[in-house]
Amino acid sequence: MAAQSTRTLWFSFGFLVLLTTFVLIFAFISTRTSPQNTAESLSTTSQPANITSTTTTTTTTSTTTTTTTTTLPPNVWVDPRSSGKPWGNTIDGLLTFRGNPTRTYYGRGPVPTTPKVVWKHPQDEPLCSTSLVNEKPREWCGTGWTGQPAIFERGDTTWVVLGSLSGNVHFFDAETGSSLIPDFPTGDIIKGSVTVDPDGYPLVYVGSRDDNYRVIAFDGDTPRELWALNAYDFGPVVWNDDWDGAGLVIDDHLFIGGENSQFFIVKLNRHYASDGLAEVDPQVIFHERGWDDELYEAVGRELSIENSVAISGDTLFFANSGGLIQGWDISGLRSPTSTTIDYAPHRVFRFWAGDDIDASLVIDSEGMIYAGVEYQRDTERAREVGQIIKLNPSKPKSPLVWNIHARGELDASGVWATPGLHRDLLIVPTAPGEVYGIDIATGEIRWTKQLRGVSWSSPVIVDDVWIQGDCSGRLYAFDVSDTTVEPPELWSLDLGGCVESTPAVWDGLIVVGTKSGYIYGIG
């Protein structure tokens, strides 16, 4: 009888343990598969307490800095700690705009100390073409915003791949500037930066104003178009058909936003055919409009996605020309099958800055977002929020950590360049050429520097050297080894045309294009 009671007791205890375990697992799954704070995330009515509405250009408003560290599972899409580091371990190089998914990697040194032009491409006539602006033909030359080259090692050769305003994708030898294979012609200009496949496939991903975002193979004597996503394949299209952003390729998925105001997730299905050449079989597994009705009501139809999407943790971030910054949970894409989505991507963060955001968002190792905002609409919201902002997306009700007002002439001030992170410093060029060095913790402006010309070129920082272009035609290098003082100029080089593009640095070489029509190798 006693034995029977003991068995009954142990059975009851075991049942309670099993039941408790089941409840805990169910609670965890429910948390992971439910949209995070949906009501809070979609709210636009709550305002941070310390936003100012002053129009003074250098006014800074700071709130007390709060650092929130979230423990993430090891299998997130992008480890936040990869901020500032090269992406992947298969291909050695700078493979996309700003080098990695958080848009914070700038290349590999050394940086030239006594720079000179070691090659120019082409040697004769400049790279130019004609494209329509408001139905009128206009000549475009060289490279524009953002126009950063990809530089990477392939076999015994260092390759340079970039698109130009001539409408071509170019494939150069980094040592000589000569063509490795023929150019790939598109039907219109290429303004944005290319992305080279990070997993070793000989593929480049690039958009053109001819409506198409392409996958191009470069493993033969001539480049081959494998696939194209047309801006009108999915609707509604509320702005235009250009593609300025540089896509991200992670785990056989392509993430890209377009000026058609949609963002896309594509399962690439990369493979090699029986002849050994690379092939893809892409499927658009998710697309969504990059705006909502509230934004459309506030700003109208200028809602293009011109920046390059960024990813940190399991969240994809982007902004649009309506000034809306969004975060989308993409954890459901991590499926064991090629096309099945466990649950659809869903929006978990919304912040309206009030004006056009073409610059890419930058994300630090703690998941904080830094954004540069243009000043073209003069909305009340833009005057409140400012043009340089730091956001904490883990606090969707009040994400604004600090803000800086950088307003001057309407439609000719604010920020077009993507901010640069360097240790405890944020470097932000403004359109008129004034550059701010900002304490990332407090939002304090530590120093300002005035460049000679308009600056849309994004800063690049390698080995404590900040490299910057402007539209006076100069490329500068500044010493930022001491982030607390105004950086002294190390050198400047006159390239004879507006440097609107972002330079690329690799092993002692700087590659950058100008709007005069030429690409330069500087060593």
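What you see is a predicted model; the values in this text were computed from it and never measured.
- Residues I325 and L391 are in side-chain contact: their nearest non-hydrogen atoms beyond the backbone lie under 4.5 Å apart.
- Aromatic rings from W291 and W352 are positioned such that their centres are separated by 6.0 Å or more.
- Using a 4.5 Å cut-off on side-chain heavy atoms (C-beta onward), K449 and Q468 make no contact.
- Salt bridge present: R446 and D424 bring a charged side-chain N and a carboxylate O closer than 4.0 Å.
- A donor-acceptor pair is defined here as one N or O able to donate and one able to accept, closer than 3.5 Å; no such pair exists between the side chain of Y370 and the backbone of I388.
- A 4.5 Å side-chain heavy-atom check between N100 and T104 finds at least one atom pair inside the cut-off.
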Applying salt bridge (charged side-chain N to carboxylate O under 4.0 Å, His left out) to R350 and D292, what does each step give before you reach the verdict?
CA-CA 10 Å; R350 183 192 198 277; D292 54 28; 2.7 Å; yes
Salt bridge (charged side-chain N to carboxylate O under 4.0 Å, His left out) between D242 and K191: does it pass, once the steps are laid out?
CA-CA 9 Å; D242 204 349; K191 291 189 295 178; 3.4 Å; yes
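- In this structure, R108 does not pair ionically with D463, as no charged nitrogen and carboxylate oxygen lie closer than 4.0 Å.
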Working note: W87 + V78, criterion side-chain contact (heavy atoms from CB on, under 4.5 Å); need CA distance, chi angles, decisive distance, verdict.
CA-CA 10 Å; W87 180 243; V78 175; 4.0 Å; yes
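- Minimum heavy-atom separation, I256 to G245: CD1-O, 3.6 Å.
- With hydrogens and angles ignored, the 3.5 Å screen pairs no side-chain donor or acceptor of D314 with any backbone N or O of S331.
- When all heavy atoms of F97 and S360 are compared, the pair lying nearest together is CE2-OG, 3.6 Å.
- The closest side-chain donor-acceptor pair between Q326 and R347 falls under 3.5 angstrom.
- Taking the side chain as every heavy atom from C-beta outward, L94 and Y106 never approach each other to under 4.5 Å.
- Using a 4.5 Å cut-off on side-chain heavy atoms (C-beta onward), W328 and F317 make no contact.
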Going through the checks in order, is the side-chain contact (heavy atoms from CB on, under 4.5 Å) test met by V348 and T315?
CA-CA 8 Å; V348 293; T315 308; 4.2 Å; yes
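- Contact check on D197 versus R270 returns a salt bridge, with a Lys/Arg side-chain nitrogen under 4.0 Å from an Asp/Glu carboxylate oxygen.
- Legend: residues meeting ring-ring contact (aromatic ring centres under 6.0 Å, His included) with H287, ordered by chain and number and at least two apart, are F234.
- Side-chain polar atoms of E225 and W227 form no donor-acceptor pair below 3.5 angstrom.
- Atom CG of L333 is separated from atom CD1 of I250 by 10.5 Å, given to the nearest 0.5 angstrom.
- No donor-acceptor distance shorter than 3.5 angstrom exists from the side chain of S365 to the backbone of R81, with no hydrogens or angles considered.
- Not a single donor-acceptor pair under 3.5 Å links the side chain of S455 to the backbone N or O of A431.
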One pair to check against side-chain contact (heavy atoms from CB on, under 4.5 Å): V196 and L203. What are the steps and the verdict?
CA-CA 6 Å; V196 168; L203 304 173; over 6 Å; no
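- Between the side chain of D293 and the backbone N or O of Y296 there is no donor-acceptor pair closer than 3.5 Å.
- S321 and S304 form a side-chain donor-acceptor contact under 3.5 Å, judged by distance and modelled atom types alone.
- Separation of atoms CD1 (I285) and NZ (K267) is listed at 7.5 Å; rounding is to 0.5 Å.
- Between the side chains of W506 and E153, a donor-acceptor pair is found at a separation under 3.5 Å.
- No donor-acceptor distance shorter than 3.5 angstrom exists from the side chain of T96 to the backbone of T195, with no hydrogens or angles considered.
- Using a distance-only test at 3.5 Å, with no hydrogens or angles considered, no donor-acceptor pair links the side chain of W243 to the main chain of G192.
- Counting only N and O atoms by type, the side chains of D364 and S83 include no donor and acceptor under 3.5 Å apart.
- Between the side chains of T146 and Q148, no donor N or O sits under 3.5 Å from an acceptor N or O.
- No donor-acceptor contact under 3.5 angstrom links the side chains of N307 and D358, judged on distance only.
- Checked options W77, F263, F318; the residue passing with F255 is W77 (criterion: ring pair (Phe, Tyr, Trp, His ring centres under 6.0 Å)).
- Residues that satisfy the salt bridge (charged side-chain N to carboxylate O under 4.0 Å, His left out) test with E500, not counting sequence neighbours, are K515.
- No hydrogens or angles considered: a donor-acceptor pair under 3.5 Å links the side chains of E374 and W416.
- Put simply, the side chain of S261 gets close to the backbone of L303: a donor and an acceptor are under 3.5 Å apart.
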As a quick check of understanding, evaluate side-chain contact (heavy atoms from CB on, under 4.5 Å) for T143 and L165, giving each step before the final call.
CA-CA 5 Å; T143 63; L165 296 172; 5.5 Å; no
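- A donor atom on one side chain and an acceptor atom on the other are found under 3.5 Å apart for S208 and T186.
- Residues H253 and I265 come closest through the heavy atom pair CD2-CG2, 4.1 Å.
- Salt-bridge annotation for R209 and D241: absent, with no side-chain N of the basic residue lying under 4.0 Å from a carboxylate O of the acidic one.
- One finds the NE2 atom of H271 at 10.5 Å from the CG atom of D252 (value rounded to the nearest 0.5 Å).
- Counting all heavy atoms, side chain and backbone alike, A412 lies closest to P432 at O-CG, 3.6 Å.
- The 12-atom threshold is exceeded at CZ of R301, counting heavy atoms of other residues, nucleotides or ligands nearer than 6.0 Å.
- Looking at Y375 and D411, their side chains never bring a donor and an acceptor atom within 3.5 Å of each other.
- A donor-acceptor pair under 3.5 Å links the side-chain atoms of R103 to the main chain of V309, judged by distance alone.
- Annotation: cation-pi geometry satisfied between R381 and F351 (NZ/CZ under 6.0 angstrom from ring centroid, within 45° of ring axis).
- Side-chain contact between Y213 and L254 is present, with heavy atoms from C-beta onward closer than 4.5 Å.
- Within the model, atoms CD1 of I438 and CD1 of I445 stand 6.0 Å from one another, a figure rounded to the nearest 0.5 Å.
- Taking each heavy atom of I440 and K390 in turn, the nearest pair found is O-NZ, 2.9 Å.
- Side-chain polar atoms of R98 and T418 form no donor-acceptor pair below 3.5 angstrom.
- The two residues V480 and P487 make their nearest non-hydrogen contact at CG1-CB, 3.7 Å.
- The structure places CD1 of I305 at 12.0 Å from CD1 of I357, a figure rounded to the nearest 0.5 Å.
- Counting heavy atoms from C-beta outward, V435 and T430 have side chains that stay 4.5 Å or more apart.
- Taking the side chain as every heavy atom from C-beta outward, I369 and P393 approach each other to under 4.5 Å.
- Not one N or O on the side chain of S413 forms a donor-acceptor pair closer than 3.5 Å with the backbone of R407.
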Run the numbers on T90 and D199 for side chain to side chain donor-acceptor pair (under 3.5 Å), then give the verdict.
CA-CA 6 Å; T90 304; D199 298 318; 4.7 Å; no
